[in-house]
There are 2 protein chains.
Amino acid sequence: MVTLKQLAKELGVSISTVSKALNNSEEIGEETVKRVKQLAEQYNYTPNKVALSLKQSKTKTIGVIIPNILNRFLAKVLFGIEREANKHGYNIITCISNESLEKEKEALKLLANGSVDGFVLSVAEETQVNNEIAHFKNTINQGLPIVMFDRVAHDVMCDKVIVDDFDATYNATKSLLNENRIRIAFISDINGLSVGKLRERGYNKAMLESRCEPLVLAVKKKDDHQKKIKAFFKKNRNIDGVIAADSSSGIIALNTAINMGLKVPKDVSVIAFASKSDSYHTLPKLTTIRQHAKIIGAQAAQMLIRRLQNPSVIEDVKTKIVKTSLVKNKSTL
Amino acid sequence: MVTLKQLAKELGVSISTVSKALNNSEEIGEETVKRVKQLAEQYNYTPNKVALSLKQSKTKTIGVIIPNILNRFLAKVLFGIEREANKHGYNIITCISNESLEKEKEALKLLANGSVDGFVLSVAEETQVNNEIAHFKNTINQGLPIVMFDRVAHDVMCDKVIVDDFDATYNATKSLLNENRIRIAFISDINGLSVGKLRERGYNKAMLESRCEPLVLAVKKKDDHQKKIKAFFKKNRNIDGVIAADSSSGIIALNTAINMGLKVPKDVSVIAFASKSDSYHTLPKLTTIRQHAKIIGAQAAQMLIRRLQNPSVIEDVKTKIVKTSLVKNKSTL
DNA sequence: ATGAAAGCGCTAACAA
DNA sequence: TTGTTAGCGCTTTCAT
């Protein structure tokens with residue numbers, strides 16, 4: 001890498017002259033500016049990012065902590081964050097907590113040493129279960145703002161971007177009830193998460209309002225989803241609707257129903273939290289609750305960057321709700 | 001953030017004493033070391049990463065450029081890279097090229113300004129189509145090593161980690177031929193990629209060896225996969241086997257076959273490049289070609305880190321092949 | 001219009 | 001055993 005020093009030497013001027021010339025300072029003579037820029041161009045000079053960061057004590061880098069990159073929703077949010085960050089000249093440095101509290105703490109600590117200007121993160125499962133929040137508060141107190149998305153810690157004062165999980169399942173369940181379904185099951189493999197609980201509650205509310213009895217299957221990560229769901233269907237022969245809190249459960253439920261000789265949507269309707277491409281993984285195509293992951297990511301990044309660029313203004317923390325949409329396909333009437 | 005300066009001041013010693021004490025230098029008195037460490041602990045001191053990077057002209061950060069984070073395979077590789085990097089004290093800074101040559105160039109340039117010590121990347125589709133490699137060569141000439149994985153540019157001299165794509169489909173096709181299938185189709189939505197082509201060639205070779213006529217369906221990203229595949233099945237009624245170059249095509253092919261009243265695997269066998277969790281998205285469970293994405297990521301990271309840590313040794317570039325495995329499930333005989 | 005110098009936080013060679 | 005100093009690459013204030 002070429003440095004200002006080398007350019008200065010070759011041009012026979014001082015370092016500061018070169019710096020000013022490249023930054024279009026008024027102080028420098030037209031002729032000099034031209035010479036400097038030309039040589040810089042020739043040598044393909046770019047300012048050293050690290051030196052810049054040190055000097056200006058900001059890195060233009062956002063730390064992103066994701067619980068699980070294999071989760072399609074989270075991957076999509078990451079995509080949204082990256083794109084938005086890039087648009088504003090920020091890079092992202094990614095850590096994967098793997099749903100572990102310990103790794104989350106580590107990542108936070110590791111990056112809070114000057115590597116990043118702030119964080120966008122979704123809380124790890126273990127963290128939510130143990131309700132740990134000290135590490136978040138610490139980080140914020142160190143002057144590093146955090147924006148949480150999807151899985152948030154409500155007791156931490158920071159900006160948040162969430163989904164209307166409760167309303168989403170409430171409305172989805174309602175829509176099945178309107179199809180005159182009465183034995184609607186709720187299947188979820190994210191029962192430990194805040195969002196999983198909200199989704200279940202929305203479902204419950206709708207069911208109880210219509211005097212239908214809730215019927216819930218909580219699948220665990222280590223279970224064989226297919227077996228569990230098949231057994232569940234066998235035990236509850238009269239199921240005529242399914243609300244799935246995650247895409248896998250939804251896809252498997254639909255395919256299992258068909259495998260058991262049921263007609264979808266004639267005998268059973270299925271709705272799942274899932275993405276567009278997931279909906280192609282079943283025949284008939286799956287009716288989905290879309291979370292607009294990319295928008296969530298973009299919003300979160302935006303909130304963080306705003307805060308970074310107006311550090312003086314002590315804004316109140318905000319919580320944005322990105323509404324889901326129910327996209328009807330052929331797995332419902 | 002506390003700095004050495006502040007600690008030094010409070011302790012009434014010089015900055016270098018503090019630095020040495022914290023780095024367990026032999027030079028410093030036992031008593032002093034204790035005092036320094038205690039105060040550092042109390043103030044939760046961590047060395048400023050940026051200053052360290054500047055001083056040592058290495059960042060302990062790896063730049064990762066991924067064409068598409070929503071691709072499950074690539075996401076999994078990213079996971080492997082991150083974990084391996086972390087193990088060796090490296091962070092990763094992620095850019096998503098979104099299959100665009102321009103973004104790939106940009107990312108490379110942006111991070112080559114001192115932000116990272118080297119790159120792990122998979123080549124964007126557009127880059128492969130246009131066969132552009134100058135930006136890679138530039139980066140390497142600047143002294144930043146690159147390790148490519150999966151989609152590699154063969155004409156660039158650098159370490160590579162690839163999959164035995166050709167053999168994988170050759171063997172998979174053979175295994176269907178051994179089931180006495182004779183009308184085996186190849187379905188792919190990655191026809192533009194180097195790996196897609198290799199997969200097709202492996203299939204072709206096996207078919208021709210058995211004097212069977214190849215039958216290929218190339219789906220485009222923007223197509224409605226379900227429609228395309230259904231039409232394909234209708235046009236070629238006698239298909240008795242499918243090799244899919246990507247998981248989506250495989251899942252959709254299997255589900256479509258069932259939807260059309262065919263029995264899987266009795267009438268049609270299906271094999272696809274896909275992950276374990278994908279195999280649960282069909283009933284019967286999908287027979288898959290596994291790429292061991294995490295291992296690929298870990299290997300790539302390892303190769304880069306090795307090179308970074310032995311900069312003097314000019315090793316020859318290496319290409320590692322991570323073998324796929326054919327995991328038989330219920331979609332084949 | 002140009003340059004010298006200080007300083008961001010850290011390490012390390014050298015001096016005391 | 002401890003401190004001084006230089007320097008990593010850059011910006012910026014203050015001379016000149």
Side-chain angles (χ1 to χ4, degrees), chain A residues 1-37 39-40 43-61 89 111-117 142-144 311, chain B residues 1-37 39-40 43-61 89 111-117 142-144 311:
Chain A
M1 277 198 44
V2 207
T3 64
L4 289 185
K5 206 185 194 176
Q6 293 164 44
L7 293 180
K9 193 171 163 199
E10 188 150 341
L11 288 161
V13 297
S14 77
I15 295 178
S16 53
T17 302
V18 179
S19 169
K20 285 171 188 167
L22 290 174
N23 289 305
N24 298 312
S25 162
E26 302 287 307
E27 307 179 11
I28 304 299
E30 229 178 279
E31 184 57 31
T32 316
V33 170
K34 205 182 285 175
R35 278 177 59 222
V36 170
K37 286 202 171 172
L39 196 72
Y43 280 164
N44 220 316
Y45 169 82
T46 9
N48 183 306
K49 181 98 183 298
V50 174
L52 231 63
S53 298
L54 182 60
K55 180 72 190 167
Q56 317 190 317
S57 41
K58 59 182 179 185
T59 59
K60 288 282 222 164
T61 303
L111 298 183
N113 61 358
S115 298
V116 303
D117 296 340
Q142 272 176 57
L144 290 169
Chain B
M1 277 197 45
V2 208
T3 64
L4 289 185
K5 205 185 193 177
Q6 294 164 45
L7 293 179
K9 194 173 163 196
E10 188 150 340
L11 289 160
V13 298
S14 79
I15 294 179
S16 56
T17 303
V18 179
S19 169
K20 286 172 187 165
L22 291 174
N23 290 307
N24 299 312
S25 162
E26 303 287 306
E27 309 179 8
I28 305 297
E30 228 178 281
E31 183 57 31
T32 316
V33 170
K34 205 181 284 174
R35 278 177 59 221
V36 170
K37 286 203 171 171
L39 196 71
Y43 280 164
N44 219 317
Y45 170 81
T46 7
N48 182 307
K49 180 99 183 298
V50 174
L52 231 64
S53 299
L54 182 59
K55 178 73 189 165
Q56 317 190 318
S57 41
K58 60 180 177 184
T59 59
K60 288 280 225 166
T61 303
L111 298 183
N113 61 359
S115 298
V116 303
D117 296 340
Q142 273 176 56
L144 291 169

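Labels below follow one simple rule: chain letters A, B, ... track the order of the sequence lines, proteins then strands, and each chain is numbered from 1. Remember, predicted model here, so these are calculated numbers, not experimental data.
An OP1 or OP2 oxygen of dT2(C) is reached within less than 4.0 angstrom by a side-chain nitrogen or oxygen of T32(A). Contact annotation: Y45(B) side-chain N/O to dC10(C) OP1/OP2 distance is under 4.0 Å. Checking the phosphate oxygens (OP1, OP2) of dG3(D), a side-chain nitrogen or oxygen of T17(B) falls inside 4.0 Å. Dashed line: the shortest gap from a side-chain N or O of K5(B) to OP1 or OP2 of dG7(C) is not under 4.0 Å.
One interatomic measurement links the two molecules: CG of L11(B) to P of dT2(D), which rounds to 12 Å at whole-angstrom precision. As rounded to whole Å, 17 Å separates atom P of dG7(D) from atom CD1 of I15(B). In this structure, K9(A) places its NZ atom 13 Å from P of dG9(D), rounding to the nearest Å. Atom CG in N113(A) sits about 12 Å away from atom C1' in dG9(C), given to the nearest Å. As a whole-Å value, the separation of K49(B) NZ from dC8(C) C1' is 17 Å. Spacing between atom NZ of K34(A) and atom P of dA1(C) amounts to 15 Å, rounded to whole angstrom units.
The C1' atoms of five pairs define one axis at each end of the helix from dA1(C)-dT16(D) to dA16(C)-dT1(D), and these two axes lie 60° apart (to 10°).
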Residues 6-13 of chain B side chain polar contacts: donor-acceptor under 3.5 Å, at least two apart:
unit_1: Q6(B); atom_1: NE2; unit_2: T3(B); atom_2: OG1; d: 3.3
unit_1: E10(B); atom_1: OE1; unit_2: Y43(B); atom_2: OH; d: 3.0
unit_1: E10(B); atom_1: OE2; unit_2: Y43(B); atom_2: OH; d: 3.0

Can you give the donor-acceptor pairs under 3.5 Å from side chains of residues 44-53 of chain B to other protein atoms, not counting sequence neighbours?
unit_1: N48(B); atom_1: OD1; unit_2: V50(B); atom_2: N; d: 2.8
unit_1: N48(B); atom_1: OD1; unit_2: A51(B); atom_2: N; d: 3.0
unit_1: K49(B); atom_1: NZ; unit_2: T59(B); atom_2: O; d: 3.3
unit_1: S53(B); atom_1: OG; unit_2: K49(B); atom_2: O; d: 2.9

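The shortest side-chain heavy-atom distance between N23(B) and S25(B) does not fall under the 4.5 Å cut-off.
Listed by residue number, the members of residues 18-31 of chain A with any heavy atom below 4.0 angstrom from DNA chain C are K20(A), E26(A), E27(A), I28(A), G29(A). Within residues 50-58 of chain A, the residues having any heavy atom closer than 4.0 Å to DNA chain C are, in order of number, L54(A), K55(A).
Every residue meeting the side-chain contact (heavy atoms from CB on, under 4.5 Å) condition with K58(A), not counting sequence neighbours, appears here in chain and number order: Q56(A), D117(A). Residues satisfying the side-chain hydrogen bond (donor to acceptor under 3.5 Å, both in side chains) criterion with T17(B), sequence neighbours excluded, are S14(B). The side-chain hydrogen bond (donor to acceptor under 3.5 Å, both in side chains) check on K37(A) picks up N24(A), with sequence neighbours excluded.
Between M1(A) and V33(B), the residue whose closest nucleotide on DNA chain D is further toward the 5' end is V33(B).
Considering OG of S16(A) and CD1 of I28(A), their distance stands at 7.0 Å, rounded to 0.5 Å.
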Report task. Evaluate the criterion side chain to side chain contact (heavy atoms under 4.5 Å, CB included) for residue pair L144(A) and L111(A); output intermediate values, then yes/no. Result -> CA-CA 10 Å; L144(A) 290 169; L111(A) 298 183; over 6 Å; no
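Screening residues 20-30 of chain B for salt bridge (charged side-chain N to carboxylate O under 4.0 Å, His left out), with sequence neighbours left out, gives K20(B)-E27(B).
Checked by distance alone, S14(A) brings no side-chain donor or acceptor within 3.5 Å of a matching partner on the base of dA4(C).
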